[in-house]
Amino acid sequence: MMELSEQEQIRRQTVKELTAMGIDPFPAASYPVSDKTCDILENFEKDPSQYQNVNIAGRIVNRRIMGAASFVEIQDDCGRIQVYFKRDDICPTEDKTWYNTVFKKHLDLGDIIGISGYVFKTQMGEITVHAQNFTILTKSLRPLPIVREKDDKTWDAFTDPEQRYRMRYLDLIVNPHVKEAFIKRTKLVNTMRDYLNEKGYLEVETPILQPLYGGAAARPFKTHHNTLDMTLYLRIANELYLKRLVVGGFEGVYEFSKDFRNEGMSRFHNPEFTQMELYVAYKDYFWMMDTVEEMVERIAMALHGSTQVQVGENIIDFKRPWKRYTMFEAIEHFTGIDISEMEEPELRETAQKLGVPIDDSMGKGKLIDEIFGEKCEAHLIQPTFIYDYPVEMSPLAKKHRSREGLVERFEAVCNGKEICNAYSELNDPIDQRKRLEEQLELGKRGDEESMVLDEDFLRALEYGMPPTAGLGIGIDRLAMIMTNSHSIQDVLFFPQMRPEKKVVNDSDETFIEHGVPAQWVEVLRKRGVHNVAEFKDLNPNKLFNDLNGLRKKMKLDIAALKLEEVQAWIEK
RNA sequence: GUCUUCGUAGCUCAGCUGGUAGAGCAAUUGACUCUUAAUCAAUGGGUCGGGGGUUCGAAUCCCCCCGAGGACACCA
């Protein structure tokens with residue numbers, strides 16, 4: 001038995017009383033919902049005659065009882081509406097039980113009911129459903145957090161992040177803006193998918209369980225397949241599989257993919273996250289910049305009806321064209337230093353001068369990337385393309401068509417964070433092999449993130465992949481921006497959390513076998529001892545004192561314990 | 001992983017330099033036939049995250065642990 005709070009006990013008792021009255025608190029039959037709250041609120045005044053016989057269903061989120069009349073607020077999946085209950089309308093005969101007992105005493109905040117009635121406007125001018133009948137559809141056994149709102153002011157908002165993320169269902173019930181954000185997220189994905197489908201690209205699915213992981217520099221999650229008796233990894237990216245499909249002759253493929261990276265967590269990182277990766281044959285990275293601009297601008301329009309989006313303090317404007325800087329230009333812009341001609345020692349010196357933290361394992365490319373990350377990225381609020389990256393950091397990107405040491409790669413940065421990453425894809429299999437081998441070499445230098453050589457991927461390239469533009473765009477990051485969310489946990493329904501500790505509860509019998517008299521078992525639980533295993537960590541004197549103290553407090557009519565008895569349980 | 005802030009009733013919070021745990025809402029009982037943070041009256045509800053220590057006495061001070069937030073690190 002778990003300990004129930006007073007309110008939970010009362011609600012369980014109510015369930016019993018309803019059942020005893022012949023009312024099923026959890027009925028099986030369909031309820032004939034014919035109307036939505038939002039539709040009634042929006043359209044009632046245009047044509048009241050259409051709303052003389054409505055059926056709504058939803059959760060009771062507020063209640064005001066005035067004797068023989070009451071107002072209840074019902075919430076369904078699109079909003080809330082006030083419902084008016086009048087005793088003599090609910091109970092037209094002499095028997096007033098249905099109103100006085102079932103409605104007033106046996107309904108609680110959080111219960112789900114169905115209501116049939118007609119719509120009218122109260123004296124205060126609020127569109128309201130006048131209930132003629134109601135049906136209990138689900139009793140709620142736990143009290144709901146009570147959030148009250150009036151004129152944009154909120155009282156007792158349910159804000160504890162731990163509870164909000166662990167019990168997202170509660171968060172969704174009581175915090176309407178949370179629901180809004182998730183609806184926007186889905187709209188974002190739908191808009192992107194529509195855009196890609198309109199262009200004629202094919203949505204595909206590739207393996208999540210992979211024998212080798214690749215396509216990004218991150219540590220993977222490792223698992224094991226029993227029948228094959230082999231290690232499998234959860235994918236960190238799907239790039240290498242999608243490119244195989246381009247080799248296979250698909251000229252435009254994309255996938256919305258859950259990827260898994262075994263790295264630290266923060267307000268920008270969850271162990272599993274969503275990316276959309278797109279590969280289009282016969283295109284290059286400049287073409288891809290145009291595509292990203294067009295697609296993201298369309299998403300902003302779909303979600304906000306405007307290219308401008310409020311994000312924290314800033315208004316971000318996704319209107320095309322976005323600013324474009326090469327990486328060297330961006331660094332020169334923010335530091336005043338032109339590093340484009342520098343070699344490793346000079347870069348190292350410059351980084352130190354700029355206060356950029358570096359270590360010995362960093363090569364030329366990593367140093368440039370660090371300087372950019374430290375000095376530029378956070379300042380790029382409006383959407384900006386940063387292009388032409390050092391080759392060392394980009395083993396899958398094609399060599400720059402004219403500049404030595406660079407690759408044709410870009411990232412879009414927005415609100416100080418990377419939102420996408422794209423290249424003219426490397427399709428020279430000899431160069432690709434060399435680059436991947438260099439990554440392995442870097443691995444030996446202490447860089448844990450370097451990749452494993454994927455021979456089949458190289459074999460595919462050797463058959464010939466057309467020149468291809470590729471893109472990875474972070475759906476969670478984009479959703480954060482588009483919903484003005486401070487943290488990734490606000491755009492994931494169920495962000496990863498440490499598990500709640502669960503207390504093991506022993507049965508009465510187990511305690512009794514341990515020598516605890518039956519009437520003391522409940523007292524022990526009250527004291528916080530849930531199982532006999534906890535005995536060994538307890539001080540017998542303290543337990544003895546606490547239990548007899550509780551006996552007094554609970555006014556129990558049983559003999560006081562002796563210290564020897566308590567010692568006996570603990571030693572057993 | 002490091003630093004830092006936090007954890008008190010179902011929810012939101014107060015509780016000063018240690019002295020028997022408080023409020024509002026929610027709950028229970030009662031009054032009230034158009035209220036809307038409904039109102040009015042009464043009542044109940046707490047291992048003060050867990051464990052240890054200091055003390056005559058700990059929600060409060062100290063240490064350890066658990067959980068969460070934030071910052072940093074990591075994450076091309």
Between P on B:C74 and CD on A:Glu418, what's the gap in Å once rounded to a whole number? 15 Å
Suppose you measure atom C1' in B:U20 against the same atom in B:C32; what distance do you get, rounded to whole Å? 39 Å
Closest to side chain of A:Arg219, choosing from B:C74, B:U28, B:G10: B:C74
Distance flag, aromatic centroids of A:Phe385 and A:Phe410, threshold under 6.0 Å: yes
Output the single nucleotide from B:A26, B:U35, B:U33 whose closest atom is nearest the side chain of A:Leu109. B:A26
Could you give me the stems involving RNA chain B, meaning stretches of three or more consecutive Watson-Crick or G-U wobble pairs whose two defining distances are both below 3.5 Å? B:1-7 with B:66-72, B:10-13 with B:22-25, B:27-31 with B:39-43, B:49-53 with B:61-65
So what does A:Thr122 hit on the nucleic acid, given a heavy-atom distance under 4.0 Å: a base, only sugar-phosphate, or nothing? base
Could you tell me whether A:Phe120 contacts a base, only the sugar-phosphate backbone, or nothing, with contacts defined as non-hydrogen atoms closer than 4.0 Å? base
Assign the ring pair A:Tyr84 / A:Phe71 to parallel, tilted or perpendicular, where the plane angle (0 to 90°) is split at 30° and 60°. tilted
Checking all strands, does A:Lys105 fall into the base, sugar-phosphate, or nothing category for heavy-atom contacts under 4.0 angstrom? sugar-phosphate
Can you tell me which nucleotide in B:G70, B:U36, B:A68 comes closest to the side chain of A:Arg498? B:A68
Students often get this wrong, so: under 4.0 angstrom with heavy atoms, is A:Asn421 touching a base, only sugar-phosphate, or nothing? base
Where the side chain of A:Gln489 is concerned, which of B:G10, B:G69, B:A68 is the nearest nucleotide? B:G69
Please state how far atom CZ in A:Arg142 lies from atom P in B:A9, giving the value in whole angstrom units. 15 Å
Nearest listed nucleotide, side chain of A:Thr159, among B:C13, B:G10, B:U28: B:C13
Is any side-chain nitrogen or oxygen of A:Arg267 closer than 4.0 Å to OP1 or OP2 of B:A71? yes
On RNA chain B, more 5' by nearest nucleotide between A:Arg87 and A:Lys150 is A:Arg87
Heavy atoms under 4.0 Å, any strand shown: does A:Glu126 hit a base, just sugar-phosphate, or nothing? base
By the 4.0 Å heavy-atom rule, please label A:Phe158 as base, sugar-phosphate, or nothing. sugar-phosphate
Shortest side-chain distance from A:Met124, nucleotide among B:U36, B:C34, B:C25: B:U36
Between B:G7 and B:A14, how far apart are the two C1' atoms, rounded to whole Å? 15 Å
Tell me if a side-chain donor or acceptor on A:Lys139 pairs with a main-chain N or O of A:His106 at a distance below 3.5 Å. yes
Does any part of the side chain of A:Arg80, heavy atoms only, come nearer than 4.5 Å to the side chain of A:Ile74, both counted from C-beta? no
B:A68 base to A:Gln163 side chain: any donor-acceptor pair below 3.5 Å? no
Pick the P atom in B:G69 and in B:G51, then give their distance to the nearest Å. 24 Å
Counting distance alone, no hydrogens or angles: does the base of B:U28 have a donor or acceptor under 3.5 Å from a partner atom on the side chain of A:Gln7? no
Counting side-chain heavy atoms from C-beta on, which of B:G67, B:G70, B:C32 comes nearest to A:Arg166? B:G67
Whole-Å P distance, B:A23 and B:G45: 13 Å
Rounded to the nearest angstrom, tell me the gap between atom NZ in A:Lys153 and atom P in B:U36. 15 Å
Whole-Å C1' distance, B:G46 and B:C3: 33 Å
Quickly work out the A:Arg64 CZ to B:C40 C1' distance and round it to whole Å. 17 Å
Integer angstrom distance from the P of B:C6 to that of B:U60: 14 Å
Quickly, which of A:Arg164, A:Lys179, A:Arg267 forms a salt bridge (charged side-chain N to carboxylate O under 4.0 Å, His left out) with A:Asp490? Name it, please. A:Arg164
How far does the C1' atom of B:C25 sit from the matching atom of B:C72, given to the nearest Å? 39 Å
Just how far, in rounded Å, is P of B:A27 from CG of A:Asp111? 11 Å
Measure from the side chain of A:Pro161, starting at C-beta and using heavy atoms only, and say which of B:A27, B:G67, B:G69 lies closest. B:G69
Side chains of A:Ile136 and A:Leu107: closer than 4.5 Å at any heavy-atom pair? yes
Nearest to the A:Trp155 side chain among B:G24, B:A37, B:U33, which nucleotide is it? B:A37
Ignoring hydrogens and angles, tell me if any N or O in the side chain of A:Gln163 forms a donor-acceptor pair with the backbone of A:Thr159 under 3.5 Å. no
Any side-chain heavy atom of A:Val129 within less than 4.5 Å of one from A:Gln82? no
So what does A:Tyr423 hit on the nucleic acid, given a heavy-atom distance under 4.0 Å: a base, only sugar-phosphate, or nothing? base
What is the separation between atom CD1 on A:Ile65 and atom P on B:C34, rounded to the nearest whole Å? 14 Å
Taking the C1' atom of each, how far is B:U12 from B:C74, in whole Å? 36 Å
Looking at A:Asp369 and A:Lys366, does any basic side-chain N land under 4.0 Å from a carboxylate oxygen? no
Quick note, A:Gln123 side chain, CB onward, closest among B:A26, B:C34, B:G30 is B:C34
Can you tell which of A:Met393, A:Lys398, A:Met327 makes a side chain to side chain contact (heavy atoms under 4.5 Å, CB included) with A:Arg409? A:Met393
Rounded to whole Å, please give me the gap between CZ in A:Phe71 and C1' in B:C32. 13 Å
Rounded to the nearest Å, what distance is computed from the CD atom of residue A:Glu8 to the P atom of nucleotide B:A26? 18 Å
Answer yes or no: side-chain N or O of A:Asp160 and base N or O of B:G7 forming a donor-acceptor pair under 3.5 Å. no
Is the backbone N or O of A:Thr101 less than 3.5 Å from a side-chain atom of A:Thr97, with the two atoms forming a donor-acceptor pair by type? no
RNA chain B nearest-nucleotide lookup for A:Thr128 and A:Asp156: closer to the 5′ end is A:Asp156
